Amino acid sequence: MTESAIDRALPARETTVGYLLRLSRPRFWLYLAGPVVVGVAYAADVPSELFAPAALALFAYFLVPANVFLYGVNDVFDADIDTENPKKEGPEVRYRRDRLVPGLVALSGLAGLAFLPALPTAGAAAMVAFLLLSIEYSAPPLRFKTTPFLDSISNGLYVLPGVVAYVAVAGVAPPTAAVAAGWLWTMGMHTFSAIPDIESDRAAGIDTTATVLGEFRTYVYCGLCWLAAAVAFGTVHPFFAAVLWIYPVFVGGVALSNVDVDRAYWWFPALNTAAGAALTLGALWVMLYG
């Protein structure tokens, strides 16, 4: 039976396309596409630049294909250890051993290279860094996700779509302090998301920042990352720091309450969307009203 025949025989959510969409974690699509929106908003001088072809193309790429690539690489190389991960029973999907899937995941990554000729040097470098970190976070030989603290640091990859988009529109790199702040923010975000995996990772023999620190000290680590991000952002503009303060408050509330971290983990998409919307609206206000 051909792949297309298999797809027709399966329920809609089990077709190759449906599977790839679930593999790409739709709840988290804005983790990559959101920074594009923020980057474009602060790079644009006039409203028309918000809808520049490069901006729209980058948003489309980082909304779905880049997520297929990032999470697809992760799932391919985590197929064995994910048998112990309870998140794969519901909100996420286990890797489907299918001859088409690795090729489609690779194609999604290669699509990012198509932007390189149109990007200034800083943007092209950020795109290449995003693709390389997306691979080496999960894949040998580096497999950062199994090295405590490097797993956290390498997740600065989530801010790189914003850097690419900013450079594509403005033609220059964003402020270094803003990139550093975004990197620290992603470090905290990644490490917080690893807390629900502590037991399954330990059972699989995987060492991460969260498994080494334990739950409470991981909360402290995340809080420090987000405090540092707020301070760094504050050197760019106090408004940025004001938005970022919600994160240390959030993690402190979770750590000191009886809220189940597995439940709090799924609040992150809403929290990040709200923070990103606040940052974007701030940029639009300045553009329109000075």
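Every heavy atom of this structure was used, including side-chain atoms; hydrogens, water molecules and symmetry mates were not. Every value quoted in this text rests on a predicted model; they were computed, and no experiment measured them.
Tyr247 and Ala275 get closest at one heavy-atom pair: OH-CB, 3.4 Å. In terms of heavy atoms, Val159 sits closest to Trp183 at CG1-CE3, 3.8 Å. In terms of heavy-atom proximity, Gly156 sits nearest to Thr186 at CA-OG1, 3.2 Å. Considering every non-hydrogen atom in both Ala122 and Ala173, the closest pair reads CB-CB, 4.2 Å. Taking every heavy atom of both residues into account, Ala241 and Phe233 meet most closely at N-CB, 4.2 Å. What you find for Gly123 and Val167 is that their closest heavy atoms are N-CG1, 3.4 Å.
In summary, the side chains of Lys145 and Asn155 do not present any donor paired with an acceptor at a separation below 3.5 Å, with no hydrogens or angles considered. Side-chain N/O atoms of Asp197 and Tyr265 include no donor and acceptor closer than 3.5 Å. Donor-acceptor pairing under 3.5 Å is lacking for the side chains of Tyr31 and His190. Side-chain atoms of Ser152 and Thr209 form no donor-acceptor pair, as typed in the model, at a separation below 3.5 Å.
Within 6.0 Å of atom CH2 in Trp267, more than 12 heavy atoms from other residues, nucleotides or ligands are found, so the atom counts as buried in its surroundings.
Each of Ile153 and Val231 belongs to its own hydrophobic cluster when Ile, Leu, Val, Met, Phe, Trp and Tyr are linked at side-chain heavy-atom distances under 4.5 angstrom. One hydrophobic cluster, built from ILVMFWY side chains closer than 4.5 Å, holds both Trp266 and Tyr219. Residues Phe51 and Val169 fall within the same hydrophobic cluster, defined by Ile, Leu, Val, Met, Phe, Trp and Tyr side chains chained together at heavy-atom separations under 4.5 Å. One hydrophobic cluster, built from ILVMFWY side chains closer than 4.5 Å, holds both Val261 and Val259.
Taking SG of Cys225 as the reference point, atom CE of Met189 lies at 11.5 Å (rounded to 0.5 Å). In this structure, CG in Leu70 is found 10.0 Å from CG in Leu133, a value given to the nearest 0.5 Å. Note that the CG atom of Leu20 and the OG atom of Ser108 stand 7.0 Å from one another [nearest 0.5 Å]. Note that CD1 of Ile206 and CD1 of Ile198 are 14.0 Å apart. Values are rounded to the nearest 0.5 Å. Note that the CG atom of Asn74 and the CZ atom of Arg25 stand 6.0 Å from one another [nearest 0.5 Å]. With values rounded to the nearest 0.5 angstrom, Met287 atom CE is found 7.5 Å from Glu49 atom CD.
In this structure, Tyr61 has its ring center closer than 6.0 angstrom to the ring center of Phe115. Ring centroid separation for the pair Phe149 and Tyr221 comes in under the 6.0 Å cut-off.
Ring geometry for Phe250 versus Trp226: interplanar angle over 60°, hence perpendicular rather than tilted (30 to 60°).
Under the 3.5 Å distance criterion, the side-chain polar atoms of Thr147 are left unmatched by any main-chain donor or acceptor of Leu150.
Sorted by first and then second residue, the ring pair (Phe, Tyr, Trp, His ring centres under 6.0 Å) pairs with a member in residues 153-178 form an empty list; sequence neighbours excluded.
When side chains are defined from C-beta on, Val68 does not count as touching Leu104, because their heavy atoms never get closer than 4.5 Å.
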